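Small disclaimer: the values here were computed from a predicted structure and weren't measured.
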Amino acid sequence: MKKLENTMAAVGDQSHIPADPIPVSDFSSQTPDPASDCDVLIVGGGINGCGIARDLAGRGWRVVLCEKDDLASHTSSSSTKLIHGGLRYLEYYEFSLVRKALQEREVLLKSAPHIMWPLRFVMPHDPSMRPAWMIRIGLFMYDHLAKREVLPGSRSVDLRRHAAGKPLKNQYKRGFIYSDGWVDDARLVVLNALDAQSRGAEILTRTRCVHAQRGSDGWIATLEGADGAHRTVRARAVVNAAGPWAESFLRGVAQSAKGEALATKSLRLVKGSHIVVPRLFEHDHAYIFQNPDKRIIFAIPYQDEFTLIGTTDIELNGDDPGAARIAQEEIDYLCTQASRYFEKAIVPADVVWTYSGVRPLLDDASGDPSAVTRDYMLESNTTAAPLLSVWGGKITTFRKLAEDAADEVGKMLGQSTAQRPAWTDGAFLAGGDLSAWIGAAKRPDDDFERFVAAVCEKYTWLSAKLARRLARGYGARVAELLGDAQSMDDMGAEVAPGLHERELRFLQDHEWAVSAQDVLWRRSKLGLHYTPEEREQVAIWLQAHAKNN
């Protein structure tokens, strides 16, 4: 359950939710002190920071967000890439968290159908793990804790007859199928940042907050760019959305004029690692596997040619979160557990890519890292200039977290939700409104296929493969990318297979991309499909055409 610690009253009624954010001009009579550079400085450019920036900017607040690296450089690009309620959390009685996450699934799927889509999961039944009756009860709850309009419910399946049974060992004859969703996590962060920027927020990447001094009526923060140049920003409030660095921000960077401690919570940093192997099955379902240690892992179709397997739960003790890498023991664990189910054994030599992220979980003294709550907590401090710290959270609930945070920041700045109401429920993310291409929305996955057909029809000179990739990455913004291009010649030189100069310039100009890592592993996953030499060509091009970001 989310706790909201605050020296003020709890957040007020949110029942009035407009279809669109109120324009900034509507607040002209309530303009804050012009002596401040912004109303809110947000530290952290992961999913929570960018989601909060979007929500606040859409309510008319002046927002500056700084991120020390690229957007989604760490935890927010290293998830299992699922929009899900968290079926396993039911065993830990996290009913509120599961319900909240289930409620968010379809809200998110509808907001950006190009980067999120429904996904069916197959759970082979292993009687030694959990009895069938327990799984049926859990899935019944999963189906009914929140309303579903798009996602079908769960059912039993005979794996001897279903396509999902073919890659599995013969001993798995029965299973269960249920629904959740898939998300391109790093692009989700970028889309939130784009939406925030379009509503007036200033997004500063590769900009570290090196000092934040708190006064009675505001903050003075020193920001340091990649070139070492410093900038002073005056803000009425600060939001600490630094993820794994949220605690260290309060203990070192943020300073109080009165000298009181700003950090009252402790984070528990848990590393989750994933492996990617060549495609293990042909169908479009994912698997959820139960392990003897009572944990679960997923095996998910990934980038057409691969299968993604994860995740682990390894506690970090004093290690730098930014340096988290998969250990050999984790690779062995994931290979071993997946091989318990697949007919074809997976061995470490099969692994073509790995990634690790650090989950910043609120320390609840639980002995088992897997049992630590994935819910979030917002901690408000109003003993002087407002400070809001974000603790924990998961990618599925980011929009609701951002809404709650924006409500609270507004209260701390003296305005109620009636004056600046919530607005993101039902709003599209950047590129998510496909109506100009396909008419009224129906079902997210079907809408996307209609959109791809429309893109192919309009840009007949694009190959089907490139048209689909651009549609996936940019949604309706594909028209901005392609502009007046009328042939492949207008796309510029092909820097790497399927990646042309026109797209690279677009990513530089509009999506804060600077390095090959930004382009190949966060804005896309083309790095998986390229040779080291092809990846190097992209790096060389970006270095030769570097811009000031």
Do any N or O atoms from the side chain of [X] and from the backbone of [Y] form a donor-acceptor pair under 3.5 angstrom?
X: Ser179; Y: Pro152; result: yes
X: Arg130; Y: Ile135; result: no
X: Arg99; Y: Leu145; result: yes
X: Arg535; Y: Tyr530; result: yes
X: Asp143; Y: Ser154; result: yes
X: Ser73; Y: Asp69; result: no
X: Thr75; Y: Val358; result: yes
X: Thr80; Y: Leu82; result: no
X: Asn240; Y: Ala246; result: yes
X: Trp117; Y: Pro444; result: no

Listed by chain and number, what are the side-chain contact (heavy atoms from CB on, under 4.5 Å) partners of [X], not counting sequence neighbours?
X: Asp518; answer: Asp70, Arg206, Ala513, Val514, Ser515, Arg522, Arg523
X: Ala479; answer: Trp437, Tyr459
X: Glu329; answer: Ala327
X: Thr312; answer: Ser273, Ile314, Glu330, Tyr333, Leu334

Is there a side-chain contact between [X] and [Y] (heavy atoms, below 4.5 Å)?
X: Leu470; Y: Glu503; answer: yes
X: Phe281; Y: Phe342; answer: yes
X: Ile177; Y: His285; answer: yes
X: Trp512; Y: Ile203; answer: yes
X: Ile296; Y: Met129; answer: no

Six-ring centre of Tyr302, Lys525 cation under 6.0 angstrom, axis tolerance 45°: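 No, a cation-pi geometry is absent between Lys525 and Tyr302.
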Under the 6.0 Å and 45° cation-pi test, does Arg472 pair with Phe448? yes
Full working for side chain to side chain donor-acceptor pair (under 3.5 Å) between His529 and Gln303: CA-CA 9 Å; His529 303 273; Gln303 289 290 306; 3.1 Å; yes
Tell me whether [X] is salt-bridged to [Y], with the criterion being a basic N under 4.0 Å from an acidic carboxylate O.
X: Lys400; Y: Glu403; value: yes
X: Asp158; Y: Lys173; value: no
X: Glu106; Y: Lys147; value: no
X: Asp304; Y: Arg469; value: no

Just jot down the side-chain hydrogen bond (donor to acceptor under 3.5 Å, both in side chains) partners of [X], sequence neighbours excluded, or say none.
X: Asp332; value: Gln328
X: Lys110; value: Glu149
X: Arg443; value: Asp445

Can you name the ring pair (Phe, Tyr, Trp, His ring centres under 6.0 Å) partners of Tyr474, sequence neighbours left out? Phe506
Under the salt bridge (charged side-chain N to carboxylate O under 4.0 Å, His left out) definition, can you give me all pairs with a residue in residues 280-291, not counting sequence neighbours?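 Salt bridge (charged side-chain N to carboxylate O under 4.0 Å, His left out) check on residues 280-291 returns Arg279-Glu282.
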Rounded to the nearest 0.5 Å, how far apart are CG of Leu429 and CG of Leu194? 9.5 Å
From CA spacing to verdict: salt bridge (charged side-chain N to carboxylate O under 4.0 Å, His left out), Arg359, Asp313: CA-CA 9 Å; Arg359 307 181 189 99; Asp313 276 319; 2.4 Å; yes
Worked verdict on Asp446 versus Arg450 for salt bridge (charged side-chain N to carboxylate O under 4.0 Å, His left out): CA-CA 6 Å; Asp446 293 340; Arg450 291 191 291 141; over 6 Å; no
Quick one: which residue pairs count as a side chain to side chain donor-acceptor pair (under 3.5 Å) with a foot in residues 186-198, not counting sequence neighbours? Arg54-Asp195, Arg187-Glu511, Asp195-Ser198, Asp195-Arg199
Would you mind listing every side chain to side chain donor-acceptor pair (under 3.5 Å) that reaches into residues 340-353, with sequence neighbours excluded? Asp126-Arg340
Matching residue for Phe298 among Tyr287, Phe289, Phe121 - test: ring pair (Phe, Tyr, Trp, His ring centres under 6.0 Å): Phe121
Would you name the heavy atoms of Phe451 and Ala471 that are closest together and state the gap between them? CE2-CB, 3.5 Å
Minimal non-hydrogen separation, Gly44 against Leu65, with atom names: O-CD1, 3.5 Å
Run through Ser76, Ser77, Ser79 and flag the one making a side-chain hydrogen bond (donor to acceptor under 3.5 Å, both in side chains) with Asp185. Ser79
Side chains of Asp404 and Tyr376 only: does a donor on one sit below 3.5 Å from an acceptor on the other?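 Looking only at side-chain atoms, Tyr376 and Asp404 do form a donor-acceptor pair, the distance falling under 3.5 Å.
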Contacts of Glu104 meeting salt bridge (Lys or Arg N to Asp or Glu O under 4.0 Å) (sequence neighbours excluded), chain-then-number -> Arg399
Verify the ring-centre separation between His162 and His283: is it less than 6.0 angstrom? no
